[in-house]
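Here's the structure, in C-alpha cells; my notes come after.
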Protein chains: 2
Amino acid sequence: MTTSPRPTAPPLTERQEARRRRILHTAAQLASRGGFEAVQMREVAELAGVALGTLYRYFPSKVHLLVATMQDQLQLFQEQTRKHPVEGDDPGARVADTLMRTFRGLQREPQLAEAMVRALTFADRSVSAEVDQVSRITGQLILDAMGLTEPPTREQLAAVRVIEHTWHSALVTWLSGRASIAQVRIDLETACKLLTL
Amino acid sequence: MTTSPRPTAPPLTERQEARRRRILHTAAQLASRGGFEAVQMREVAELAGVALGTLYRYFPSKVHLLVATMQDQLQLFQEQTRKHPVEGDDPGARVADTLMRTFRGLQREPQLAEAMVRALTFADRSVSAEVDQVSRITGQLILDAMGLTEPPTREQLAAVRVIEHTWHSALVTWLSGRASIAQVRIDLETACKLLTL
DNA sequence: GGGTAATCTAGAACACGTTCCAGCGTGGCG
DNA sequence: CGCCACGCTGGAACGTGTTCTAGATTACCC
C-alpha cells in the first residue's frame, strides 16, 4: 500500500526512478526555503539535472509536482507514526495528538508546508486523482490513530471526514497566518469530540 | 457592519465607487463562464473600461479581486438569509440547512464559485485581511442561523469554527469533483452535531 | 480661475508556467 | 551489426499575471 506511486503507468527503469527522485528532492529543497513561489520549474529542472521538457513529462504541472511531494512527505509521516504510535486511552485524544504531531512535523519546514498545501488547495480537476490519494493517506492516518479492533461504523467514518476537513482547513488558516498553533489544536480537539459521541 | 469595505482607505468618490463596482461586476461575469482561468486581468480591465494599471490600483492582484468578489456574493447571501431565515427547532439542523442553502446558491453559478474558492484557498499572507473578512461573514452566517438569545458559549464558538472549516473544505472537495452534494450535506450535518453536545 | 498633487490611460516590458520543436542517445529487435 | 522507436536535451516561443513609465485628466485648495 505504501508502494505503487503511479499504478497505471508502465514501470520505470532505474534511471527513470532516479530522475523522479531527484526531481522530487529538488522540489522539496527549493520549497523549503522560499515556499510555493520559489519552486520554479526551470530551476527545478536545472538543479535536478534534467531538461525542462523531461520535468514536464514526469509531472505535468507545478501543482502535480508539489502534490506528489506532499504524497511523499505524508507517507514518511505515516511510517513514522506506525512505528511510534501515540499512546493514550481516549481514541479522540489519540487522533488529535497524532494530527498535532504531524502538524509539528510540517511546522519544522513551514515553507515546504506552505508550498505543498497551496498546491493541494489550488489543484483543479486535472489533479483530483493525486489529491484524492493525499486525502486517502490522511484518512488512513486518522483511522490508524483510532486503533480500531473492528471495522469503523458509519458514524465513525463520517466523523473522520469532518476531522479531515478540519485538519485541512486549519492547516490553511495557520499557513496564511490567520490562526495560531494553539487554535489549530483546539479546532482539532473539538472535531475529535465527534468520535466519542 | 455590512458597510465599510475598506476601513483604512480614504473614502472613494462616486466615480471611483462606480469603477470599483464595474470591475467587480466584470470579474464575476467572466468568472461565471470559464471560472478562475477565464478571469484575465487584461480582459477585466478592458471590459470594465479601465486601464490595467488602474485595475491593479483597486485590486493589487487577481486573488485580491476574486476574494473581494466572494465578499460581495457572501454579503448578498447573508442579506437573503436574514430576510428569510431557515425554519426549524433544532439549531444544528438550522445551521446545516442554512449552509446547504448557501451551497445551492453557489451551485447555481458553479464556475463563479470555482473561481472565488480557488482564489480564497490560494491566497497568501498578503490577502489574509480580506480572507479573514470572508471568514467573519461566514461565521456570522452560522451564528445567525443558530438563533441565539444570549452570547455564545466557548464550546459553541469552538463548534462554529469546526463547522466553518468543514464548510470550507467540503466546498473545495465538491468543486474539484471529489465529493457529491449529498456527501457535502452529510459532512455538514455531522459537523453540526457538535452544536448540540 | 490657477496651481498642484493625485489619479487615470495606453502601452511597453518583465517573469514564470507551459508548449513545442529539432536533433541526439540509447536500448531493444531483426 | 543496422535500424527503429522512444525518451532526453537545449532552447525558442507563447500566454498571462504583474510592474513600470510618460503623459493626459481630474480633484481639490486658495
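Proteins get letters first, then strands, A, B, ... in listed order; numbering begins at 1 in each. As a basis for the values below, the full set of heavy atoms in this structure was taken, side chains included, without hydrogen atoms, waters or symmetry mates. Just so we're clear, the structure is a prediction, and the values are computed from it rather than from any experiment.
- When rounded to the nearest whole Å, the span between OH of Y56(A) and P of dT19(C) equals 7 Å.
- In this structure, V44(B) reaches neither bases nor backbone, as no heavy-atom distance under 4.0 Å exists between it and the strands shown.
- A cation-pi arrangement is absent between R19(A) and Y58(A) under the rule of less than 6.0 angstrom and at most 45 degrees off the ring axis.
- Distance Q40(A) CD to dC16(C) C1': 6 Å, rounded to the nearest Å.
- The CZ atom of R42(B) sits 11 Å away from the P atom of dA12(C) (whole-angstrom rounding).
- For R19(A) and dT26(C), the CZ to P distance is 11 Å, given to the nearest whole Å.
- At distances below 3.5 Å, at least one donor-acceptor pair connects side-chain atoms of T102(A) with backbone N or O atoms of T98(A).
- Mapping heavy-atom proximity under 4.0 Å, the span of DNA chain D touched by chain B runs 5' to 3' from dT16(D) to dA27(D).
- Distance CD (Q16(B)) to P (dA6(C)): 13 Å, rounded to an integer number of Å.
- A salt bridge is absent between K83(A) and E79(A): the closest approach of a Lys/Arg side-chain nitrogen to an acidic carboxylate oxygen does not fall below 4.0 angstrom.
- In this structure, CG of L52(B) is placed 11 Å from C1' of dT9(C), rounded to the nearest angstrom.
- V63(B) comes within 4.0 angstrom of nothing in the nucleic acid, heavy atoms only.
- With Y56(A) as the aromatic partner, K62(A) does not meet the cation-pi criteria of under 6.0 angstrom to the ring centre and within 45 degrees of the ring axis.
- Across the protein-nucleic acid pair, F36(A) atom CZ and dG17(C) atom C1' stand 10 Å apart, rounded to whole Å.
- Between Y58(B) and dC8(C), a side-chain N or O to OP1/OP2 separation shorter than 4.0 Å is present.
- Checked against a 6.0 Å centroid threshold, the rings of F103(A) and F77(A) do not count as neighbours.
- A salt bridge is defined here as a Lys NZ or Arg NE, NH1 or NH2 lying under 4.0 Å from an Asp or Glu carboxylate O, and E189(B) with K193(B) fails to meet this definition.
- Summarising the geometry, the separation between CZ on F59(A) and C1' on dG17(C) is reported as 16 Å, rounded to the nearest angstrom.
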Original post:
Could you go step by step and tell me if D90(B) and R94(B) meet the salt bridge (charged side-chain N to carboxylate O under 4.0 Å, His left out) rule?
Top reply: CA-CA 6 Å; D90(B) 179 28; R94(B) 279 201 305 276; over 6 Å; no
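- Sequence order on DNA chain D of the closest nucleotides to R15(B) and G53(B) puts G53(B) first from the 5' end.
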